[in-house]
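What follows is a single structure, written as structure tokens, with notes after it.
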Amino acid sequence: MIECEALTKTYTVREKPSFFSRGVERKIAALREVSFSISAGEMVGLLGPNGAGKTTLLKILSTLLVPDSGRAAIEGVDVLRFPRMVRQKIGLVLPSERSLYWKLTAQENLQLFGGLYNLPSRKARERSEFLLKTVGLSEFSHVPVEKFSTGMRKRLMIARALLHEPRLLILDEPSSGLDVQGKREIWSLLKDLATQQGVTLLLATHDMEEAETVPERLLIIHQGKIRAYGSPSEIKALSGNHGWLFIDLPGTYSENRVKLPKGLFLDSIQSVDGGSRLCIRISSSYDLPQLLRIFPDATRVERREVSLADAFLTITGERFEDTDTVEEEEI
């Protein structure tokens, strides 16, 4: 369905001039030789912090940007050589709600875009009614979009992107700005589209819960490079980290005093309520009964599973929320 080979994109950014300076140009590498492939019917998430290169990659795949070098194809059709053919094969959902006409009703919006997709009027009406039912907006079909909630607009944007029956749906932050209930509704809708209608999904997100809930596989992108590719559980395993044990002990402990069996690694010791808390990293094989025999006076033992944020830290060397890259939307 999607093939990317060595995609590279660099932006030139000029800093704002001041009284003392005319401004300086600098190069920002948004994508650095990105290569991957996605099969038809897959649900794939592009996970990375703001500025990691997600939006740049999606815009190249949807023909809105031209890469500096590399190749991309949708169902064997080259994105650069045949952009019109590619647009017929994809549906695109960008974050901006202004991609809808707010003064028009939901039905009028879909029929208008149906005309832009060169659908016959009857076909546009039938597809509009079907998609409004699919996204749960049938009873609001004659309500102006300006009266919709953010979640309702998001669902209508997905319906609009599916009007011409694309086999690939590309989404950039599909649940951004929604409350918990709104996110759940969007996630359920996307999974239904993939499982019941066979639509291939590629969605960009920096929401860890979304990354674990919707996609079957994840592309971890960081500073314009693909760092890992696999299911959420495979990504966690790639980090080599299998979770932590927190053990509370009376008294004061130092690293020299802690002797751990094979498969356990001491990360830190904290002072807690006059005692010590050991933070121990777990490998794939460890013996909990053996550990408890070493610390028979333990007052508390807690296990914490490794998270995607933990795996991201291990794979990239940076915390997910602390990465410092240029916001793509501002370039």
Side-chain angles (χ1 to χ4, degrees), residues 1-12 27-48 50-96 99 113 116-119 157-158 160-174 190 193-194 197-206 214-229 325-331:
M1 175 62 77
I2 302 177
E3 295 180 3
C4 294
E5 297 178 5
L7 285 178
T8 299
K9 180 66 178 179
T10 300
Y11 296 103
T12 300
K27 302 287 186 179
I28 302 296
L31 295 180
R32 309 182 191 193
E33 297 190 346
V34 168
S35 300
F36 65 92
S37 63
I38 295 175
S39 300
E42 282 195 290
M43 293 183 286
V44 176
L46 191 61
L47 176 64
N50 288 329
K54 303 187 303 296
T55 297
T56 294
L57 177 56
L58 296 192
K59 286 186 175 181
I60 289 173
L61 292 176
S62 54
T63 75
L64 297 178
L65 272 180
V66 176
D68 299 331
S69 61
R71 175 182 173 274
I74 307 293
E75 287 193 325
V77 180
D78 191 281
V79 169
L80 298 180
R81 295 179 60 193
F82 306 105
R84 288 195 176 187
M85 289 180 63
V86 168
R87 289 173 198 146
Q88 293 172 0
K89 294 176 176 293
I90 66 173
L92 178 64
V93 180
L94 294 175
S96 174
S99 57
F113 281 102
L116 296 177
Y117 282 122
N118 293 320
L119 297 181
M157 289 162 63
I158 293 172
R160 185 210 63 206
L162 294 170
L163 272 167
H164 58 303
E165 300 182 71
R167 304 315 302 160
L168 171 64
L169 185 59
I170 297 175
L171 308 104
D172 193 359
E173 307 287 353
L190 294 178
L193 288 173
Q197 299 186 32
V199 178
T200 304
L201 296 181
L202 175 61
L203 65 96
T205 184
H206 64 267
V214 180
E216 298 168 324
R217 290 202 288 166
L218 293 172
L219 284 161
I220 301 293
I221 187 168
H222 176 245
Q223 295 181 349
K225 293 183 178 181
I226 300 297
R227 305 290 185 168
Y229 190 21
T325 46
V326 173
E327 282 287 349
E328 299 161 68
E329 295 297 338
E330 296 179 358
I331 294 177

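When a residue number appears, it is its place in the shown sequence, counting from 1.
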### Message
Under the criterion side chain to side chain contact (heavy atoms under 4.5 Å, CB included), I'd like the reasoning laid out for E42 against M1: C-alpha separation, chi angles, the key distance, then a yes or no.
### Response
CA-CA 9 Å; E42 282 195 290; M1 175 62 77; over 6 Å; no

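- A search for salt bridge (charged side-chain N to carboxylate O under 4.0 Å, His left out) contacts involving E165 returns K123, not counting sequence neighbours.
- Each side-chain hydrogen bond (donor to acceptor under 3.5 Å, both in side chains) pair with one or both residues in residues 76-91, not counting sequence neighbours, appears once here: T63-R87, E75-K89.
- Screening L203, I220, L218, L57 against L46 for a side chain to side chain contact (heavy atoms under 4.5 Å, CB included) leaves a single residue, L57.
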### Task
Run the numbers on E173 and T205 for side chain to side chain contact (heavy atoms under 4.5 Å, CB included), then give the verdict.
CA-CA 5 Å; E173 307 287 353; T205 184; 4.0 Å; yes

Under 3.5 Å donor-acceptor pairs involving side-chain atoms of residues 27-39, not counting sequence neighbours:
{"residue": "K27", "atom": "NZ", "partner": "T12", "partner atom": "OG1", "Å": "2.8"}
{"residue": "R32", "atom": "NE", "partner": "Q223", "partner atom": "O", "Å": "3.2"}
{"residue": "S35", "atom": "OG", "partner": "A6", "partner atom": "N", "Å": "2.7"}

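- A donor-acceptor pair under 3.5 Å links the side-chain atoms of E216 to the main chain of M43, judged by distance alone.
- Between the side chain of D68 and the backbone N or O of T10, at least one donor-acceptor pair lies under 3.5 Å.
- Put simply, the side chain of T200 does not reach to within 4.5 Å of the side chain of I2, judged on heavy atoms.
- A 4.5 Å side-chain heavy-atom check between L190 and P174 finds at least one atom pair inside the cut-off.
- Residues I158 and L169 have side chains in contact (heavy-atom distance under 4.5 Å, counting atoms from C-beta outward).
- One N or O on the side chain of R160 and one on the backbone of L92 form a donor-acceptor pair closer than 3.5 Å.
- Side chain of K54 to main chain of L47: no donor-acceptor pair is present (N/O by atom type, distance under 3.5 Å, no hydrogens or angles).
- Between the side chain of R71 and the main chain of E3, no donor-acceptor pair closer than 3.5 Å is present.
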